[in-house]
Structures are given as C-alpha cells and as structure tokens.
2 protein chains.
Amino acid sequence: MTLPKRVDDQAELSHESVREAEEIFNSHLKRVGLKHTAQRDAILRTFLVTRDHLSTEELHHLVKRRDEGIGFTTVYRTLKLLAECGLASEVAFHDGVTRYEHQYNRRSHHHMVCTECGSSVEFFSPEIEKIEKEIGRKHRYVTTRHTFQIYGVCDQCQTKKPKRRK
Amino acid sequence: MTLPKRVDDQAELSHESVREAEEIFNSHLKRVGLKHTAQRDAILRTFLVTRDHLSTEELHHLVKRRDEGIGFTTVYRTLKLLAECGLASEVAFHDGVTRYEHQYNRRSHHHMVCTECGSSVEFFSPEIEKIEKEIGRKHRYVTTRHTFQIYGVCDQCQTKKPKRRK
DNA sequence: ATTGCTGCAAACGATTTGCATGAGG
DNA sequence: CCTCATGCAAATCGTTTGCAGCAAT
C-alpha cells in the first residue's frame, strides 16, 4: 500500500542523469575547494538509485554493499554536501531520524505519513510550489525550499484497534 | 496582512480562554485516567501565555519562574499530554530541537524560517487546509494534521555575506 | 490505601567532532 | 608536499526512562 514504487523508472536512473548529477556534485566540490574522492562518488551513485527516504544509517548500509570500507561518518558528511548542492534534501517525519531523498529529477512531491504504522504515501501538489513563491515574495524572503507533510492514519490502520500510552 | 487578528488577545489570553483550555486539559486527563496536579497546571498556564515556538528546555525555563521546583522531565511529559489533547502541537524546524506551540485559538498558520539566522515569520494559508483534506480523501487517510514550512533567507540576511562550512 | 506523579540521575540514540592516518591535487 | 578526506572512537545533545519518595483521588 505504501510502496507503489519503482518498477523500473527508478531502479536504474539513466546514465545521462547520473552523469549530470555527478557534474553538479563535482563542480560544487570544486567551488568550495573540496576533493573528489572514490568514497564520495560511491555514495552519490548509491544515493541516486534509491527511492523513498533514507536515514544516514540506511544509506550507509547500502553503500557498504558497494564498498565495504566506507564509514558512517563519511556517508553522513557526504549527505550534507549533497544537500548543500541541492542533490539531496532532508525530510523530517517526526520520528527523530533525519532522512534524505534525492531531489534530482523529482519535483514538488510531498508525503503523507501514517502515524500508526509509519508508512507513507507520496503525492504531488503543484499549488504548494506557488504558495512558496508567493509567501516568499510577500515577506521578502529568497525561498529555497519548503516541507509539507500530512499526518494521519492510513486505511489499513483505521481498521485496527487504537493504541494508547506507550 | 498575515496577522488578521489577535491584537491583544495574545499578550494576555483572556481568562475565559485560559479557563477553556484548562477545561480541555482536565477532561483529557480524566478521560485517560491521569491526575490533575499543581505542576501540570502551572505548565499549562505558562505555556498558554507564550507565543512562537518553544523547546521543552525553553518552556522549562519559563515555568521555573513560576515555580522553581518543577523539573524538566515534568515539563517534557506535560508537553506530550498537551499535544495529545490538541492544545499544543509540535513544530519541527530542521534544527534538531522539537518545538511546541499552542494550538489554542490558532488556526492554520505556518512558518517561513530563515536558514541563516533562524528567525521565522508566520503566515496563513487556508488553501493548505483544503489540500490536506483533499489528499487525505484521495488516499483514504484520516488526516489529523500537517506541517508546512518554507525555508529561505530573510531580507536582512540577504545583505550579509554568505557563510561557508562551519 | 492505591495509583499515578515528580524530579533526579542515568540511559539512550542520533548526530557531530577530534584525531591520527591515508589519499588527492 | 600540502591540504583535505577518511574512519574510528569518543563527545554531544536532545530526548526518554527507571526509580524512590510524594501527592492526588
């Protein structure tokens, strides 16, 4: 129900897309005087072929499949870099973990999260984009991004018994 | 333009409003079999006369002015209770701290946060409410709430020099 | 009395940093 | 070479929990 996903549009991002993302990343690195390393490359590539919202932990896990030796810290720091150059963005469901998703080729989608089971649905809502711009203009902000999440109880969980007070 | 009302209803919440909020809180306590205590009362009252978005820490600080002996943990737990009965709601700016704001008499407002200086602006956008409902219906969720935040750089910070890499 | 509450201190867990070693330009 | 990157371990920091004594019903 919550993982409509990724039949094949996602499993393999086109080579040009990957190339382009690497381009963006590399020039960002250059711009701020950082180095291009094998680890950063591996992390970016791993990240690009994911979907949904990964915690640093989860991405680290995936990255290790590609290269056993890469440490958590490096993934952590690289994710920050990716966020800086716009390839990744943080999504915070309210569960104490910071997640990232890749922003590359993905526009204006948002999440609705079930507060019972934690599953989530993606939806698109272009109006939100307009609202961001409009509010920004009104208050003289240069807006860079926004977050929009809906919380509720999914169809499945509605039929289960409610819980109370852990 | 973004603050339709509340000229003076905020500096000092009316007695009836406070009363009403206490009503809500107390009946929530009763409903779930919890007790009414002096601390909880003090915390609610302190909370009600705040504005903006307080971390547990900050509220604890304020509460201590009213009653020195109240501990952090109690504030923390009470805040959860307030959130449960709808008097408070969490707002998560992406800075690692959970903040709460009181929901009492406050409808459908959102925040735009400056990523440079951390200041924030409130705005109202009733469309968002509609979108929540609509998306919920579409995916068969019973929606309970949403979060919407815009991030950007405020007027002031735009004129300052950009910073890099802490 | 009984059950929940409080505050302290300790546990927790995600995130962040210091540092010695290794690699990129 | 010199600077930055890496990975580990340790530090941090907000949050959460266990518990012994206290208070509300």
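Values below: every heavy atom of this structure, side chains too, minus hydrogens, waters and symmetry copies. Every chain is numbered from 1 and lettered A, B, ... according to where its sequence line falls, protein lines coming before strand lines.
There is no side-chain donor-acceptor pair under 3.5 Å between B:Glu90 and B:Thr98. Between the side chains of B:His110 and B:Glu122, not a single donor N or O lies within less than 3.5 Å of an accepting N or O.
In this structure, A:Phe72 atom CZ and D:dC8 atom P are separated by 12 Å, rounded to whole Å. Distance B:Leu34 CG to D:dA24 C1': 12 Å, rounded to the nearest Å. Distance OH (B:Tyr100) to P (D:dG14): 14 Å, rounded to an integer number of Å. Taking atom CG on B:Leu59 and atom P on D:dG14, their separation rounds to 16 Å, with Å as the unit. Atom pair B:His28:NE2 and C:dG4:P shows a separation of 15 Å (rounding to whole Å applied). Regarding B:Leu29, its CG atom lies at a distance of 10 Å from the P atom of D:dT25, rounded to whole Å.
Picking from C:dG25, C:dT17, D:dT16 the nucleotide with the shortest atom distance to the side chain of B:Tyr76 gives D:dT16.
Ring centers of A:His109 and A:Phe123: at least 6.0 Å apart, outside the cut-off.
In terms of polar N and O atoms assigned as donor or acceptor, the side chain of B:Thr73 comes within less than 3.5 Å of the base of C:dC8 in a complementary pairing. Between the side chain of B:Arg77 and the base of C:dG7, at least one donor-acceptor pair of N or O atoms lies under 3.5 Å.
Residue B:Thr56 places none of its side-chain N or O atoms closer than 4.0 Å to OP1 or OP2 of D:dG14. Distances shorter than 4.0 Å separate none of the side-chain N or O atoms of A:Gln39 from OP1 or OP2 on C:dA23. Put simply, A:Thr74 has no side-chain N or O that comes within less than 4.0 Å of OP1 or OP2 on D:dA5. For the pair B:Thr37 and D:dA24, the criterion of a side-chain N or O lying under 4.0 Å from OP1 or OP2 is not met. OP1 or OP2 of D:dT16 sits under 4.0 Å from a side-chain N or O of B:Lys80.
Judged by closest nucleotide on DNA chain D, B:Glu57 is the one of B:Glu57 and B:His36 placed further toward the 5' end. Toward the 5′ end of DNA chain D lies the nearest nucleotide of B:Gly96, the other residue of the pair B:Ala38 and B:Gly96 mapping further downstream.
Residue contacts shown for B:Thr98 are limited to sugar-phosphate atoms, with no base heavy atom under 4.0 Å away.
Distance alone, capped at 3.5 Å, is enough to place a donor-acceptor pair between the B:Thr78 side chain and the B:Thr74 backbone.
Salt bridge status for A:Arg19 with A:Glu23: present, with a side-chain N to carboxylate O gap under 4.0 Å.
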